[in-house]
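To keep things clear, I will list the structure first and then write my remarks on it.
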2 protein chains.
Amino acid sequence: MRNVARKQQEPKASSGTLARPYRIEEQIGYLLRRAHQRASAIFQVTIGDPNITPTQYSSMVKLNEYRELSQNLLGRLVGMDKATMQGVVRRLKERGLVDSRPDPGDARRTLLSLTTEGQRIVNRLLLNGPAVSRETLKPLNGAEQRQLLDLLSKIV
Amino acid sequence: MRNVARKQQEPKASSGTLARPYRIEEQIGYLLRRAHQRASAIFQVTIGDPNITPTQYSSMVKLNEYRELSQNLLGRLVGMDKATMQGVVRRLKERGLVDSRPDPGDARRTLLSLTTEGQRIVNRLLLNGPAVSRETLKPLNGAEQRQLLDLLSKIV
DNA sequence: CCCATATCGTTCGTGTACGTACGATGACCC
DNA sequence: GGGTCATCGTACGTACACGAACGATATGGG
């Protein structure tokens with residue numbers, strides 16, 4: 001394999017100060033993006049249903065806990081803004097996993113709930129949920145796993 | 001404010017075992033998604049140019065280190081697959097920040113480089129890069145910041 | 001030299017993610 | 001009870017993210 005372009009040139013040296021050089025690979029935002037990519041990939045192959053995404057899963061889990069929620073409140077509970085939530089809910093409704101009815105007490109709201117099929121599916125997926133987390137955290141030992149979850153909780 | 005729908009019902013109790021209950025808010029994938037969202041939001045308001053996204057920034061930083069890179073190799077260096085890279089590069093080229101030429105030694109490849117304008121911009125953004133990371137890690141003390149970066153590096 | 005295989009970049013489709021703007025509705029206060 | 005302000009859901013535009021399929025090109029083995 002020609003690899004002329006593979007390592008043509010080393011990165012330019014950092015500035016001459018004693019300060020730590022700025023490497024994109026060591027920045028928190030970059031690492032979070034990569035870690036999130038990996039976690040999503042593991043979810044996809046481990047959760048046991050290729051048609052369910054992480055956000056759809058967390059939405060369904062929340063709807064399984066609270067039996068009925070407005071779209072906006074569900075969004076706050078799972079950390080999605082209303083525009084994003086709109087698309088997630090639309091797709092779940094199109095597949096018959098989620099149902100909706102107008103809130104009888106507030107005409108602005110739509111109450112969402114899982115259909116019987118949605119309940120059946122989320123209960124099946126919940127069996128694999130722990131395996132997804134276990135696989136994602138596999139490179140770390142027990143203490144490190146707890147540390148990471150703790151530190152991430154603090155910055156969220 | 002009516003809050004009938006706000007806390008209608010507590011989440012159902014977990015199963016009766018001693019095992020830790022499965023809470024979506026404690027799962028690594030969920031936390032990574034939320035943390036990444038927050039980091040992106042901080043990037044957007046701190047980097048100093050509302051038109052530059054995190055992925056565009058890391059691509060430009062890499063192109064500033066290596067003077068010329070194929071699109072595919074750049075993607076591997078910044079952790080984006082080729083389909084995603086295609087869009088990022090297209091937008092940077094449309095704005096005149098990146099230029100391309102055919103690789104004289106390999107007709108499959110396109111060599112990318114920063115334009116003078118692109119270099120000017122990335123050097124300005126690099127001044128704010130440390131502030132983005134500092135702000136994102138602000139809830140943690142120094143030791144915790146290093147731990148988090150270390151743990152994330154291990155699972156990426 | 002030729003063929004199987006791999007890589008490179010593009011395109012298409014689906015799905016987050018969010019800013020902004022909008023109309024409808026509700027809450028609050030004078 | 002009427003006006004102001006907030007909230008709810010929707011719509012549109014832009015941007016990542018990736019699987020799958022594709023044509024062009026390169027490589028390595030027989």
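Proteins get letters first, then strands, A, B, ... in listed order; numbering begins at 1 in each.
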N/O donor to acceptor pairs below 3.5 angstrom from side-chain atoms of residues 42-49 of chain B, sequence neighbours left out:
residue : atom : partner : partner atom : Å
B:T46   : OG1  : B:I42   : O            : 2.7
B:D49   : OD1  : B:N51   : N            : 2.9

*Applying side-chain hydrogen bond (donor to acceptor under 3.5 Å, both in side chains), name anything that partners B:R120, two or more places apart in sequence or on another chain.*
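For B:R120 the side-chain hydrogen bond (donor to acceptor under 3.5 Å, both in side chains) partners, ignoring immediate neighbours, are B:E117.
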*Could I get the full list of side-chain hydrogen bond (donor to acceptor under 3.5 Å, both in side chains) partners for B:T55, not counting sequence neighbours?*
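Applying side-chain hydrogen bond (donor to acceptor under 3.5 Å, both in side chains) to B:T55 gives B:T53.
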What is the separation between atom [atom1] on [X] and atom [atom2] on [N], rounded to the nearest whole Å?
X	N	atom1	atom2	answer
A:L92	D:dG9	CG	C1'	16 Å
B:M85	C:dT11	CE	C1'	17 Å
A:F43	D:dG19	CZ	C1'	17 Å
A:R108	C:dT25	CZ	P	11 Å
A:R101	D:dG9	CZ	P	13 Å

*Which hydrophobic side chains are connected to B:L149, either touching it within the sub-4.5 Å cutoff or through other members that do?*
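Its cluster mates, by chain and number, are A:I28, A:L31, A:L32, A:L137, A:L140, A:L148, A:L149, A:L151, A:L152, A:I155, A:V156, B:I28, B:L31, B:L32, B:L137, B:L140, B:L148, B:L151, B:L152, B:I155, B:V156.
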May I ask you to verify if any side-chain N or O of [X] is less than 4.0 angstrom from the OP1 or OP2 atom of [N]?
X	N	answer
B:N72	C:dG9	yes
B:R34	C:dA17	no
A:R109	D:dC8	yes

*Go through the structure and list residues passing ring-ring contact (aromatic ring centres under 6.0 Å, His included) with B:Y30, not counting sequence neighbours.*
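Here no residue qualifies.
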For nucleotides 10-18 of chain D, which of its nitrogen or oxygen atoms have a protein nitrogen or oxygen under 3.5 Å away, and what is each distance?
residue : atom : partner : partner atom : Å
D:dT10  : OP2  : A:Q71   : OE1          : 3.3
D:dT10  : OP2  : A:Q71   : NE2          : 3.1
D:dT10  : OP2  : A:Q86   : NE2          : 3.2
D:dA15  : OP1  : B:R95   : NH2          : 3.2
D:dC16  : OP1  : B:T53   : OG1          : 2.4
D:dC16  : OP1  : B:T55   : OG1          : 2.6
D:dC16  : OP2  : B:R91   : NE           : 2.8
D:dC16  : OP2  : B:R91   : NH2          : 2.4
D:dA17  : OP2  : A:R33   : NH1          : 3.2

*Check ion pair A:K62-B:E25 (N to O, under 4.0 angstrom)*: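 Result for this pair is yes, salt bridge flagged.
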*State which residues pass salt bridge (Lys or Arg N to Asp or Glu O under 4.0 Å) with B:R146; sequence neighbours excluded, sorted by chain then number.*
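B:R146 satisfies salt bridge (Lys or Arg N to Asp or Glu O under 4.0 Å) with no other residue.
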*Examine distances only and state if a side-chain atom of A:R38 and a backbone atom of A:T136 form a donor-acceptor pair shorter than 3.5 Å.*
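Yes, because the side chain of A:R38 sits within donor-acceptor range (under 3.5 Å) of the backbone of A:T136.
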*asked:* Five pairs per end, C1' atoms only: what is the angle between the end axes of the helix from C:dC1-D:dG30 to C:dC30-D:dG1, to 10 degrees?
replied: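 Here the local axes at opposite ends form an angle of 20°.
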*For residues 89-121 of chain A, which residue pairs qualify under ring pair (Phe, Tyr, Trp, His ring centres under 6.0 Å), counting only residues two or more places apart or in two chains?*
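The answer is none; no pair qualifies.
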